[in-house]
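Step one of this worksheet: look at the structure below.
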Amino acid sequence: MRPAYEPYLQEVLIDEIRLQARVAELGAEITRDYKDTGHLMLICILKGGVMFLTDLMRHINIPHEIDFLAVSAYGRGARASTGDVRIVMDLSEQVSGKHLLIVEDIIDSGHTLKFVMDMLAARDPASVKLCTLLDKPSRRTIDIPIDYIGFAIEDKFVFGYGLDLDEKFRNLPFVGVVKPGVVLNE
Ligand code: IMP
Ligand code: MG
């Protein structure tokens with residue numbers, strides 16, 4: 001049986017081997033950087049960050065908490081950020097005095113992360129850093145500092161490894177480029 005994603009896939013951009021190797025490197029780097037801090041809270045941005053979070057945390061060898069934040073940047077399915085970001089589901093834990101590391105799937109315009117970083121900074125944490133699996137630097141309209149980047153990619157719409165195509169295919173173990181002409185539900 002042909003896998004259901006095949007009609008939408010132009011090419012595999014980052015295969016499972018490269019993804020897993022880079023996630024392990026990031027985990028090791030984070031472990032080194034936070035060794036003296038003693039504690040860490042990973043804040044996963046739902047839904048796209050979830051696969052990255054669960055792989056990354058296996059490579060972070062210091063005690064840490066996790067929490068989840070769901071934000072909606074675009075309205076469902078839309079492709080271009082308007083800058084209108086809303087909280088869909090807030091954190092369940094207090095973050096005051098904690099060292100926070102945001103775990104995100106992809107940074108595009110930067111609007112979503114600017115909103116999240118400002119919101120968290122207002123809650124009086126000890127520090128806030130940002131880790132993204134993918135970065136599309138050519139699309140940035142707001143300058144935000146990124147502390148850890150898995151891969152910088154060109155301006156192509158991608159899916160898999162947490163990222164969706166109309167809410168589907170988040171489970172793919174690789175990051176793929178959407179075929180030109182595929183109409184997204186937006
Ligand atoms: P920003 O606010 O423009 O930086 O948007 C970031 C969000 O847009 C990410 O968290 C993703 O949910 C979504 N996004 C941006 N580019 C892509 C893509 O190529 N594939 C899937 N989702 C994307
Ligand atoms: Mg996202």
Side-chain angles (χ1 to χ4, degrees), residues 19 22-153 158 161-164 167 170:
L19 270 176
R22 185 70 188 121
V23 172
E25 279 176 7
L26 288 172
E29 207 179 317
I30 291 163
T31 301
R32 272 197 307 275
D33 292 352
Y34 285 88
K35 206 142 227 155
D36 299 331
T37 307
H39 71 93
L40 173 62
M41 180 186 259
L42 303 178
I43 296 185
C44 175
I45 310 298
L46 294 176
K47 305 169 188 169
V50 77
M51 199 178 273
F52 181 37
L53 172 83
T54 55
D55 282 343
L56 182 66
M57 63 192 286
R58 282 178 256 215
H59 296 284
I60 298 179
N61 294 317
I62 52 173
H64 58 273
E65 299 172 66
I66 61 170
D67 205 349
F68 298 88
L69 182 69
V71 290
S72 142
Y74 295 165
R76 199 173 168 272
R79 194 160 167 167
S81 184
T82 58
D84 178 21
V85 184
R86 288 178 304 115
I87 298 178
V88 174
M89 189 193 84
D90 207 340
L91 300 171
S92 64
E93 306 290 336
Q94 299 296 319
V95 300
S96 166
K98 293 179 180 171
H99 291 281
L100 312 180
L101 180 60
I102 301 168
V103 178
E104 171 66 309
D105 53 357
I106 186 165
I107 299 181
D108 194 49
S109 71
H111 276 113
T112 308
L113 260 293
K114 172 80 171 91
F115 172 87
V116 169
M117 291 194 90
D118 288 353
M119 186 195 88
L120 292 176
R123 297 183 186 185
D124 202 26
S127 67
V128 185
K129 286 190 174 186
L130 173 56
C131 175
T132 188
L133 178 71
L134 304 174
D135 179 23
K136 281 187 194 170
S138 65
R139 297 261 305 167
R140 197 78 85 259
T141 58
I142 295 187
D143 192 30
I144 47 164
I146 310 178
D147 302 281
Y148 305 93
I149 299 174
F151 301 89
I153 64 169
V158 292
Y161 199 74
L163 296 112
D164 70 304
E167 288 298 324
R170 295 186 193 273

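Any value given below was found using the heavy atoms of this structure, including those in side chains, with hydrogens, waters and symmetry copies removed. None of the values given here were measured: they were computed from a predicted structure.
Counting only heavy atoms from C-beta outward, the side chains of R58 and V23 never approach each other to under 4.5 Å. No side-chain heavy atom of V85 sits under 4.5 Å from any side-chain heavy atom of V116. I102 places a side-chain heavy atom less than 4.5 Å from the side chain of V128. A heavy-atom distance below 4.5 Å is found between the side chains of I60 and L42. Contact check for L56 versus I30: side-chain heavy atoms found under the 4.5 Å cut-off. Side-chain contact between M89 and L46 is present, with at least one heavy-atom pair separated by less than 4.5 Å. Counting only heavy atoms from C-beta outward, the side chains of D67 and V95 never approach each other to under 4.5 Å. Two residues are said to be in side-chain contact when any heavy atoms from C-beta on lie closer than 4.5 Å; V103 and I66 fail this criterion.
Heavy atoms from other residues, nucleotides or ligands lying under 6.0 Å from CD of E93 number more than 12.
In terms of heavy atoms, G150 sits closest to L26 at CA-CD1, 3.9 Å. Residues A126 and G97 come closest through the heavy atom pair CB-O, 3.4 Å. Here the shortest heavy-atom pairing between F151 and R22 reads CZ-CB, 3.4 Å. Heavy-atom minimum distance, H64 versus I62: ND1-O, 2.8 Å. L113 and E104 get closest at one heavy-atom pair: CD2-OE2, 3.2 Å. The two atoms that bring R140 and I107 nearest to each other are NH1-O, 3.6 Å, heavy atoms only.
For the atom pair D135 CG and I146 CD1, the distance stands at 4.0 Å (nearest 0.5 Å). Note: S127 OG to M41 CE = 12.0 Å, rounded to the nearest 0.5 Å. With rounding to the nearest 0.5 Å, the separation of CE in M117 from CD1 in I142 is 12.5 Å. In this structure, CG on L101 lies 12.0 Å from CE on M57, to the nearest 0.5 angstrom. Here K129 contributes atom NZ and L100 contributes atom CG; the two are 12.0 Å apart, rounded to the nearest 0.5 Å. With rounding to the nearest 0.5 Å, the separation of CZ in F68 from CG in L53 is 5.5 Å.
Classification of the H99-H39 ring pair by plane angle, with boundaries at 30° and 60°, yields tilted.
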Step-by-step side chain to side chain contact (heavy atoms under 4.5 Å, CB included) determination, L134 to L163:
CA-CA 10 Å; L134 304 174; L163 296 112; 3.8 Å; yes
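Using a distance-only test at 3.5 Å, with no hydrogens or angles considered, no donor-acceptor pair links the side chain of S72 to the main chain of V88.
Residues satisfying the side-chain contact (heavy atoms from CB on, under 4.5 Å) test with M119, not counting sequence neighbours, are L69, I87, D90, F115, R123.
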